[in-house]
Amino acid sequence: MQQTLCIALLTLFCINFVSSVELTFELPDNAKQCFHEDIQQGVKSTIEFQVVTGGHYDVDAVLEAPSGQVLYKGIKKQSDSYTWVAEQTGVYKLCFSNEFSTFSHKLVYVDFVVGEEKPLPGVGEHLTAMTKLETSSSNVHEHLNTIIDYQTHHRLMEAQGRKRAEDLNTRVMYWSMGETVLIILIAVGQVMVLRNFFSEKKGTSS
């Protein structure tokens with residue numbers, strides 16, 4: 001079900017010149033999740049992924065060409081990116097694997113970009129040099145895209161840090177509860193030992 005939804009999202013965000021999708025999905029333990037994208041020959045593409053939560057924050061990632069050739073392979077990677085130019089037209093497959101984990105669910109962020117971004121409407125469509133207004137608009141557009149990328153990475157870092165803090169808080173709570181129970185048991189044991197000590201002494205005197 002998740003794979004079908006993710007593929008539908010990939011198709012939904014496709015446009016004529018560039019196809020780009022950012023999504024976060026859950027990767028259960030002992031599971032494998034694959035995404036497929038139809039790419040034309042000579043088109044530049046980029047994949048970027050990061051494990052947000054789960055286990056040691058690592059997954060296996062493999063990118064395969066339509067011919068079955070492995071273009072990229074990452075073993076137990078926390079995050080990475082890869083850019084390539086398609087040498088043949090066909091369906092490229094990107095797979096994430098958590099098969100080495102027996103109980104840790106992972107939350108994985110992936111950004112799959114196919115092609116170059118289209119220029120702003122009206123910019124660069126004439127033979128003469130761009131005006132100052134067009135140049136400024138283009139620069140603002142590029143800076144906004146950079147800001148969006150930074151915000152995405154900061155959100156991922158914040159989510160990862162929050163998850164680690166929650167895990168640490170849970171461990172501290174369990175440790176505190178264990179210490180409390182241990183202290184109570186020790187106190188009860190000491191009281192019983194003292195009672196037995198005085199009981200034995202009273203019987204001897206009589």
Side-chain angles (χ1 to χ4, degrees), residues 1-15 18-39 43-84 86 88-115 148-178 181:
M1 178 65 180
Q2 288 182 344
Q3 184 176 2
T4 305
L5 177 60
C6 292
I7 294 177
L9 287 174
L10 281 172
T11 307
L12 180 62
F13 282 90
C14 288
I15 58 178
V18 59
S19 172
S20 175
V21 63
E22 294 181 69
L23 55 90
T24 304
F25 64 95
E26 183 178 357
L27 188 61
D29 53 288
N30 295 318
K32 185 177 182 180
Q33 183 83 3
C34 293
F35 304 94
H36 302 80
E37 183 67 22
D38 190 5
I39 304 176
V43 175
K44 182 180 179 181
S45 304
T46 301
I47 57 169
E48 183 178 1
F49 67 90
Q50 179 179 340
V51 182
V52 182
T53 61
H56 295 287
Y57 302 90
D58 53 355
V59 293
D60 295 341
V62 178
L63 175 66
E64 294 184 4
S67 61
Q69 177 187 2
V70 176
L71 302 178
Y72 168 83
K73 186 176 184 180
I75 304 298
K76 294 186 177 181
K77 290 283 188 177
Q78 294 184 349
S79 62
D80 203 359
S81 62
Y82 178 72
T83 302
W84 80 101
Q88 54 181 313
T89 300
V91 178
Y92 288 73
K93 182 171 70 172
L94 173 63
C95 293
F96 295 95
S97 174
N98 192 30
E99 295 174 327
F100 58 85
S101 179
T102 55
F103 59 89
S104 296
H105 282 53
K106 307 290 175 64
L107 193 65
V108 184
Y109 161 83
V110 59
D111 183 11
F112 202 141
V113 181
V114 179
I148 291 174
D149 291 337
Y150 281 143
Q151 288 178 336
T152 299
H153 287 290
H154 281 303
R155 283 196 297 267
L156 292 173
M157 293 175 62
E158 187 273 335
Q160 191 176 68
R162 183 176 66 253
K163 180 60 178 177
R164 289 181 176 179
E166 291 174 353
D167 292 342
L168 180 60
N169 180 68
T170 302
R171 293 179 183 180
V172 171
M173 182 184 65
Y174 286 150
W175 178 261
S176 300
M177 293 174 60
V181 172

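Nothing here was measured: the structure is a model prediction, and the numbers come from that model. FYI, side chains are in, hydrogens and waters are out, and symmetry mates aren't considered; it's all heavy atoms of this structure.
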To the closest 0.5 Å, what do you measure between [atom1] ([X]) and [atom2] ([Y])?
| X | Y | atom1 | atom2 | result |
| --- | --- | --- | --- | --- |
| F49 | T24 | CZ | OG1 | 14.0 Å |
| Q50 | L107 | CD | CG | 10.5 Å |
| E22 | I148 | CD | CD1 | 8.5 Å |
| E26 | T53 | CD | OG1 | 8.0 Å |
| L94 | Y82 | CG | OH | 11.5 Å |
| E158 | Q151 | CD | CD | 13.0 Å |

Heavy-atom pair of closest approach, residues [X] and [Y]:
| X | Y | value |
| --- | --- | --- |
| K77 | V51 | O-CG2, 3.8 Å |
| V59 | F96 | CG2-CD2, 4.2 Å |
| V91 | H36 | CG1-CB, 3.7 Å |
| E99 | N30 | O-OD1, 3.1 Å |
| I39 | S45 | CD1-OG, 3.7 Å |
| Q88 | A65 | NE2-CB, 4.1 Å |

Flag side-chain contact, heavy atom, 4.5 Å: [X] against [Y]:
| X | Y | answer |
| --- | --- | --- |
| S104 | D29 | no |
| V108 | N98 | no |
| V114 | Y92 | no |

Original post:
Is a side-chain donor or acceptor of K106 paired with a backbone partner of G55 at a separation under 3.5 angstrom?
Top reply: no
Original post:
How are the rings of W84 and F112 set relative to one another: parallel (under 30°), tilted (30 to 60°) or perpendicular (over 60°)?
Top reply: perpendicular
Original post:
Between F25 and F35, what is the ring plane arrangement, given parallel below 30°, perpendicular above 60°, and tilted in between?
Top reply: perpendicular
**OP:** Walk me through it: do D60 and K32 pass the test salt bridge (charged side-chain N to carboxylate O under 4.0 Å, His left out)?
**Re:** CA-CA 9 Å; D60 295 341; K32 185 177 182 180; over 6 Å; no
Subject >> With sequence neighbours excluded, residues passing side chain to side chain contact (heavy atoms under 4.5 Å, CB included) with M173 >> reply: M177
Original post:
Around H56, counting heavy atoms of other residues, nucleotides and ligands shown, do more than 12 lie under 6.0 Å from its NE2?
Top reply: no
Original post:
Within 45° of the axis and under 6.0 Å from the centre of the six-membered ring of Y109, does NZ or CZ of R155 qualify?
Top reply: no
